[in-house]
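One structure below.
All figures in this text were calculated on a predicted structure; none of them were measured in a lab.
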There are 2 protein chains.
Amino acid sequence: MAPDLNALAPGSSLQRNGLNHQAIEDYLKTIYMLEQDKSPVSTSRIADARQVKPGSVTSMIQRLNRLNLVNYEKHYGVTLTDAGREIALEVIRHHRLVELYLIEALGFGWDEVHQEADILEHVISEQLEERIAAALNNPEFDPHGDPIPSKEGQIASMNYKHLTALDPGARAVVSRIPDDADSELLRYLGDLGLIPGTKLMVLDVAPFDGPLTVEIDGESKIIGHKVASSVLVELKSEFGRSR
Amino acid sequence: MAPDLNALAPGSSLQRNGLNHQAIEDYLKTIYMLEQDKSPVSTSRIADARQVKPGSVTSMIQRLNRLNLVNYEKHYGVTLTDAGREIALEVIRHHRLVELYLIEALGFGWDEVHQEADILEHVISEQLEERIAAALNNPEFDPHGDPIPSKEGQIASMNYKHLTALDPGARAVVSRIPDDADSELLRYLGDLGLIPGTKLMVLDVAPFDGPLTVEIDGESKIIGHKVASSVLVELKSEFGRSR
DNA sequence: AAACAGTTTTAGGTATACCTAAAATTTAAC
DNA sequence: GTTAAATTTTAGGTATACCTAAAACTGTTT
Ligand SMILES: [Mn+2]
Ligand SMILES: [Mn+2]
Ligand SMILES: [Mn+2]
Ligand SMILES: [Mn+2]
């Protein structure tokens with residue numbers, strides 16, 4: 001069971017108005033994401049990701065440490081505690097369920113949902129989370145190919161390759177597109193057919209970060225290096241996952 | 001077009017984090033509701049409704065006044081300006097659309113949605129508002145019988161009577177149940193069939209605030225005075241509205 | 001018209017979540 | 001091993017949204 005933040009700040013105004021662990025939750029989510037790349041997570045990486053000043057990060061880190069949500073080694077960075085990870089995963093679950101729901105149930109485009117979800121993730125009650133999950137048939141992946149953590153905080157660990165890392169002749173399935181990419185790019189990828197689940201074969205890779213030629217649905221398409229680098233794939237020989 | 005609160009607080013942290021005109025919006029909504037009963041609205045009535053201390057209300061009133069969202073006569077109370085009313089009605093629209101959506105699309109009970117909506121009302125984007133309204137076919141009434149303001153801020157003015165004010169023999173249609181009534185009461189009313197749209201006839205009214213006997217669906221039911229007083233109706237002879 | 005009760009405002013305080021600028025610490029370079 | 005560069009922390013400040021307690025104002029009663 002996720003620790004109840006409301007119980008942690010006795011007498012604070014947060015407790016009263018019900019809302020507003022926005023900041024704490026967003027920091028924990030950010031730290032979780034950054035820890036995937038490299039742990040412990042430094043102040044400046046958090047500041048970068050959250051677009052705030054380093055001083056602000058330090059003071060939030062100190063608070064999270066007091067709340068036992070991160071382990072904090074002054075000057076060296078933080079790692080999430082179990083309690084912190086639990087909250088992070090719950091927020092991520094909310095985010096990804098909401099993204100999928102907005103697309104499936106309300107007809108949003110996959111380029112429109114990230115912002116909306118970044119706010120809603122903090123105000124979804126357990127009740128609503130459950131109803132949304134049920135309406136979607138307890139999905140395991142969000143529209144961008146990211147795994148949705150279970151209610152119990154289990155999350156599938158993915159094993160992606162960058163599309164740009166494949167050799168000519170390789171067959172692969174598109175697995176993941178960063179959900180925070182800008183709308184323009186997401187729409188472009190959508191038009192190309194480069195969405196999670198699409199099968200492709202690499203025909204050619206031009207040198208010096210040049211364009212890739214890939215075959216999608218029998219058609220061959222040319223993709224710039226920058227665009228291709230935002231596409232993550234799984235090799236087709238590897239055993240896939242149910243979609 | 002509703003005034004953009006984000007534009008009103010230059011350099012403030014509200015502007016930065018995007019979220020959080022919660023408090024302002026809730027105050028405006030409260031003032032709107034209270035003005036229906038009696039205008040201008042005094043500090044103490046707002047304090048009562050919002051469950052905060054009078055001093056807190058005064059300082060928020062002063063802020064709303066600075067933002068030109070209320071007209072403020074020191075010691076005598078406030079009325080909404082056009083700009084203030086616009087925001088209030090938009091928040092109310094969000095609230096009522098969300099309540100209806102949670103029931104219609106996600107299977108919530110009508111006793112469960114008010115709390116949820118009180119939070120979501122502040123974080124629904126224009127986009128999401130539109131998609132929800134479309135999914136519901138641009139409804140005019142929420143599940144409790146309250147009219148939903150239009151996108152342009154038009155709201156149907158209702159003309160209710162308390163069920164307890166009817167004489168024996170009167171025929172009426174249940175129009176409205178307070179959406180902030182406690183869940184127990186709402187479930188009880190639901191079981192009795194006293195939900196908006198239900199036709200009934202008053203058979204008997206016991207004196208001294210005694211129970212009412214009403215006929216619903218051919219069955220006669222006895223309802224305590226307190227319960228009956230929370231039910232608002234329209235007389236059946238009067239011309240109704242489409243549901 | 002003076003006193004009183006009730007209401008409202010002021011004054012001063014807490015906690016959040018940001019900021020800037022200066023001080024301290026670590027890491028990298030010489 | 002100093003010095004310099006980069007990172008991180010501290011110190012001090014802003015605005016929100018609440019609080020309590022004291023002061024000021026209103027309306028009514030005597
Ligand atoms: Mn997202
Ligand atoms: Mn967020
Ligand atoms: Mn409601
Ligand atoms: Mn609210």
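- Phosphate contact (OP1/OP2 of D:dC18, side-chain N/O of B:Arg50, threshold under 4.0 Å): present.
- The existence of a salt bridge linking B:Arg85 and B:Glu90 is excluded, since no basic side-chain nitrogen approaches an acidic carboxylate oxygen closer than 4.0 Å.
- When rounded to the nearest whole Å, the span between CG of A:Leu67 and P of C:dA15 equals 13 Å.
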If you restrict it to nitrogen or oxygen atoms, what contacts under 3.5 Å exist between nucleotides 21-28 of chain D and the protein, and what is each distance?
unit_1 : atom_1 : unit_2  : atom_2 : d
D:dT26 : O3'    : B:Tyr76 : OH     : 3.2
D:dG27 : OP1    : B:Tyr76 : OH     : 3.3
D:dG27 : OP2    : B:Tyr76 : OH     : 3.4

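- Side-chain nitrogen and oxygen atoms of A:Ser44 include at least one within less than 4.0 Å of the OP1 or OP2 phosphate oxygen of D:dT8.
- Side-chain atoms of A:Arg50 never come within 3.5 Å of backbone atoms of A:Thr30 as a donor-acceptor pair (strictly under, hydrogens ignored).
- Computed from coordinates, the A:Glu73 CD to C:dT27 P distance equals 11 Å when rounded to whole Å.
- For A:His95 and A:His114, the gap between ring centers is short of 6.0 Å.
- Straight-line distance from the NE2 atom of B:His21 to the P atom of D:dA15: 14 Å, rounded to whole Å.
- Salt-bridge formation is detected for the pair B:Lys29/B:Asp118: a Lys NZ or Arg NE/NH1/NH2 atom is positioned less than 4.0 Å from an Asp or Glu carboxylate oxygen.
- In this structure, B:Met60 atom CE and C:dT10 atom C1' are separated by 18 Å, rounded to whole Å.
- Atom C1' of nucleotide C:dG6 and atom CZ of B:Arg45 are separated by 16 Å, given to the nearest angstrom.
- The nearest whole Å value for the distance from the CD atom in A:Glu25 to the P atom in C:dT16 is 15 Å.
- Taking the six-membered ring where the residue is Trp, B:Tyr101 and A:Tyr101 present perpendicular rings, their angle passing 60° and hence far from 30°.
- Straight-line distance from the NZ atom of A:Lys53 to the P atom of D:dA6: 17 Å, rounded to whole Å.
- No side-chain heavy atom of B:Val231 sits under 4.5 Å from any side-chain heavy atom of B:His162.
- OP1 or OP2 of D:dC18 has not a single side-chain nitrogen or oxygen of B:Gln51 nearer than 4.0 Å.
- The side chain of B:Tyr72 places no N or O atom within less than 4.0 Å of a non-bridging phosphate oxygen (OP1 or OP2) of C:dT8.
- Distances shorter than 4.0 Å separate some side-chain N or O of B:Tyr27 from OP1 or OP2 on D:dC18.
- The side chain of B:Thr43 contributes an N or O atom lying less than 4.0 Å from OP1 or OP2 of C:dT9.
- Applying the 4.0 Å criterion to OP1 and OP2 of D:dC18, one finds that B:Ser56 has every side-chain N and O outside that range.
- The side chain of B:Ser59 contributes no N or O atom lying less than 4.0 Å from OP1 or OP2 of C:dT9.
- Atom CZ in B:Arg66 sits roughly 11 Å away from atom C1' in D:dT16 (whole-Å rounding).
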Does the pair B:Glu126 and B:Arg131 meet the rule for a salt bridge (charged side-chain N to carboxylate O under 4.0 Å, His left out), with working shown?
CA-CA 9 Å; B:Glu126 285 304 291; B:Arg131 302 250 188 192; over 6 Å; no
